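Heavy-atom basis, side chains included; hydrogens, waters and symmetry copies ignored. In this text, all values refer to a predicted model and were calculated from it rather than measured experimentally. Letters go in sequence order (proteins before strands), and every chain restarts at 1.
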Amino acid sequence: MSNKYDHKKIESKWRDIWEKAGLNRTDLKSVKPKHYNLVMFPYPSAEYIHLGHIYSYSGADVYGRYQRLKGKNVFEPIGFDSFGLPAENFAIKKGIHPEKVIDHAIDQSTRQLKEAGFMFDWFREVITSKPDYYKWTQLLFLKLYDQGLAYRKEAPVNWCPSCKTVLANEQVKDGLCDRCDTEVVQKEMKQWFFKVTDYAERLIKDLDKVDWPESSKIKQRNWIGRSEGVEMDMQITDSKEKFSVFTTRIDTVYGMTYVVLAPEHPLVNKITTDKQKKEVEKYKIQAQKQTEIERQSLEKDKTGVFTGSYAINPFTGEKVPIWIADYVLFGYGTGAVMAVPAHDERDFEFAKKYKLPIIQSIAPHSVDTKNPPRKGKTDTRRKVVHVILENDKGEVLTLNLKGQEWGDNKPKTLIIGGIEDRESPEEAAMREIEEETGYTDVQISEVYPIEFHAEFFAAHKDVNRYVETVGVFCQLKSEKKVPVSENEKKLHEIIWVKKKNLLSSVTIPDDIFLAKAYVEKIGSYTEYGVLINSGKFTGLIYEEAKKKMADWLEKKGIGSRKINYRLHDWSIGRQRYWGAPIPIIHCDKCGVVPVPEKDLPVKLPENIKDFRPKGTGKGPLASVSEFVNVKCPRCGGKAERETDTMDTFVDSSFYFLRYPSTGDDTQMMEPKVTKKWLPVDMYVGGAEHVTMHLLYARFITKALHDAKLITFDEPFMKLRHQGYILGPDGKKMSKSKGNVVNPDGVVKEHGADAFRTYILFMARFEDGGPWNPKGLVGVSRFLEKIWRIGIGLDSRLHGNDNKGNWPDVSSTEVQAKLARTIKKVGEDIESFKFNTAVASLMTLMNGISVEKRPDEDWISKGDFEKLLIILAPFAPFITEELWEKLGNKDSIHVEKWPAYDEKLIQEEAVTIAVQVNGKVRDQLVVNVDSAKDEVFELAKASEKVQKYLLDKEVKKVIYIEGKLLSLVVN
RNA sequence: GCCCGGGUGGCGGAAUUGGUAUACGCGAAGGACUUAAAAUCCUUUGGUCGUAAGACCUUGCGGGUUCGAGUCCCGCCUCGGGCACCA
């Protein structure tokens, strides 16, 4: 081989050698500590492996290779998630059998993955569409069925009219089919489900056990959507019927002014009065016809109809009207809600539209933190009114208080006054307006009065104050006035302020709160506060109120505490051909009978004439009579097979459990090897899988744990995400945009080493970004330089006799640089900061040039070999070639990660900055352990610093060891 | 609307978590080698003003805390991603 760095030759040479030697074949029985390094296996589509795969796998592979160098027995398996819609849709389009499509795609993808130099253990490959795999998918189904976790029910499902199949909630995006963007419709069908909801609580709680990105944990928690509340029975008037509502805000119950049932609620027919029947029926039909997208649309007004019946609020004993409206979802909670317009935005909107009453039952409550009530002082209560008076010019009246300077500001307030006994806030407002301004022609606005409470210590009176403030909104009808008393005139002048300026005009907190409510048109107060208008619960703060009200309900036996989840059960049946058949037989006599384990796999019939979906609600398998017609395994009578296949997410929910047991066709998981190798230590893949694949895999793991098949209940101990690699135009790569970059071209031109190293150097791993091949030459140049040093072509970079011989030892400078780099690269790989790891390798490379600093920099062969080892995870081929050229027999990839001497990293002299009043004025070279005074003296001696100290007094000296000296002067 | 992330030179991006902002790479400019080009190597490279020494400015915008803020706090703007009538 010539001296030229020929990546093509080198890479194909080592690919063959490694494969023959079985370098990446993991001995699962080794006693070395294990590291299970997992990547999300690819979907073998028509596009094969794309840049995103290369990116993700490069990061994971560097991590895996690093773990191997650190002495771990690393298992990095790979396979293909080959069932599912894309392959089938592609097959339909081209008129080829899906099996052929995926076989070809797998061949191509395998070639690409091998070319990229990932250390995958191909011996343990799984392909989910092969019977030796889906046998276990079917067994998994049976295990869940045994546990009662797989069940069938009539349910409204998402039906895609174009794909002619049922979709899981996760496959519906904005009401459109995830795959083909067709509008999804609702259909009632008998469906197979997995009971994920049984595990909702554990799926949330056990997130504490795993090392995942916090944002992904949050996403899963939100997706599961736990909410704590109470269920409360509501009696229907003049009837024996009752129903229950779910609420998280029982503290607002005194503000309930109506209740709403979902249109599908079974009680609707029973309680609708004859008079309302027609309208209710019409509404129900209309609601049913609506597609998801219409129902979810935000712009849509809230709609609903009155049923004619009433229910009793158990707290007040008062009756409230029962409405139906499609903003209440039948699938969540009890499908019925108590409506509290004052404290819920949706209810508010609805109430305004249908002119239903609004009653405030929660008042915002604040305690002045600067001036809180004091113990031992008398508590006093006051009721006051604040008035927003608006004229027809859109201005609001404020009062400028004369002679009452509050600090620098002249206080500007709204009209404020006390509410007297037996006076309503509205009456007080009218009275205050007249007294303070003289205006008499005033109308109370429709906006309901808003009440809020504040507590503080009133120093001038030496008492604690609890103020109940009611805001009243009024409109000035005309300028009609009565004379204002001289006394009032002295106190303040009237200033009309433009509505938009109101917020910045008023100064006291209560006014600001009201002004906000007025300007921003806050319709309902949805935060917490203190209970008002709430019978015996009035005055309680919400936490206590919630507790006491729930207790009250439970004691009375008309309600109980309850936790609801947003998560739905997982609909797993697909009316498609290309999936694992559900191993169930329907017998007229015995009903649903699971296929006996010994009869697995239930093979997908190969010779099917037409594998396209029929759109009848039954999958294409229904037309294959040899498949459908079977004997019942229980009674031997005539029976039919289930013709639905399973969602591909079932296939991928346990593949990582199967990897270590591949080849064993007697059991899904070999217990010993499973116990040793699982759970997965590091899982790398896209964040888009957080609410689907990753959640399902966790659920399945827990279910198998409960079935006593495995001993752990979390599958992935560590999880890291890569970002998206976008097209060069900054947009998501897609065929239709024509911005797809094929990795084959990059490998061909620059080699896998440069490709891997560059793609990791290009951006922060979790960020990703547009693919920009421009910078690739930088990495190529870097590898070329490494090559030239390695083969001794560049004596200038070894230093010594100019004949290309290696010096015995590196210069102390280089020793220190190498030690620092070993440390840095190791730390960076562990925290997935591959870009800075590569940068520091480049820095090291730049730092061993003899030409620039012949007296300081030269590197020994041994140290150069260390450099090769820490570079090897990124660039496995070139480092292996040089390693061999330097006379080593064994592979560089099974070497040890080099140790370094901590002492070499410690620097004796450091450059520190000298700041004067926060600005850097000079730099000083000092000993690391110099004392503060020493450094200060040095600084004072500096001309540059002196300039800024002339005639000034140094008031403060701050010294941060090894960093800087900061002087504060007056 | 709600919940997560981001916003730093011409570009991709660094910054030990409050301590010299712009590491590393690309690009650009100048130079060396060459008949020439490519490759390679060397130098310069945040902005403004200045012949210069130097001064001032600079991490989306506006405030604040601090001797010191890209980093912390408050209020905005903006770009991604997720959820979306979940009571």
A:Asn835 side chain near B:rA14 phosphate (N/O to OP1/OP2, under 4.0 Å): yes

If you only use heavy atoms from C-beta on, which nucleotide in B:rC85, B:rC83, B:rA21 is closest to the side chain of A:Asp326? B:rC85

Compare side-chain N and O positions of A:Tyr327 against OP1 and OP2 of B:rA87 and report whether any pair is under 4.0 Å apart. no

Pairing donors with acceptors under 3.5 angstrom, does anything connect the side chains of A:Thr303 and A:Tyr283? yes

Pairs under 3.5 Å (N/O, protein and nucleotides 5-12 of chain B):
residue	atom	partner	partner atom	Å
B:rG12	O2'	A:Met762	O	2.5

Name the closest nucleotide to the A:Arg781 side chain, picking from B:rG27, B:rC24, B:rU20. B:rG27

Check: A:Lys302 side chain, B:rC85 base, donor-acceptor under 3.5 Å: yes

Where the side chain of A:Val968 is defined as all heavy atoms beyond and including C-beta, which of B:rC67, B:rC24, B:rU20 is the nearest nucleotide? B:rC67

Is A:Lys219 near enough to B:rG82 that one of its side-chain N or O atoms lies under 4.0 angstrom from OP1 or OP2? no

Just by distance, with hydrogens left out, do A:Asp828 and A:Thr836 show a side-chain donor and acceptor under 3.5 Å apart? yes

A:Lys963 vs B:rA15: side-chain N/O to OP1/OP2 distance below 4.0 Å: no

Could you check whether A:Lys217 gets within reach of a base, just the sugar-phosphate, or nothing at all, counting any heavy atom under 4.0 Å? nothing

May I ask you to verify if any side-chain N or O of A:Lys919 is less than 4.0 angstrom from the OP1 or OP2 atom of B:rC57? yes

Could you tell me whether a side-chain N or O of A:Arg756 sits under 3.5 Å from a main-chain N or O of A:Ser58, the two making a donor and an acceptor? no

Compare the minimum distances between each of B:rA87, B:rA15, B:rC67 and the side chain of A:Ser966, then state the nucleotide with the smallest one. B:rC67

Any side-chain N or O of A:Thr836 below 4.0 angstrom from OP1/OP2 of B:rC24? no

I want to check one thing: is the phosphate of B:rG54, taken as OP1 and OP2, less than 4.0 Å away from some side-chain N or O of A:Arg921? no

Taking atom P in both B:rC76 and B:rC24, what distance in whole Å separates the two? 40 Å

Are A:Phe350 and A:Phe348 near enough that their ring centres are under 6.0 Å apart? no

Polar contact flag, side-chain donor to acceptor under 3.5 angstrom, A:Thr197-A:Asp569: yes

Report the nucleotide, chosen from B:rC26, B:rC41, B:rG19, that has the shortest atom-to-atom distance to any side-chain atom of A:Val777. B:rC26

Looking at the angle O4'-C1'-N9-C4 for a purine or O4'-C1'-N1-C2 for a pyrimidine, is B:rU8 syn or anti, with syn meaning within 90° of 0? anti

A:Arg566 side chain, from C-beta outward: closest of B:rC67, B:rU40, B:rA84: B:rA84

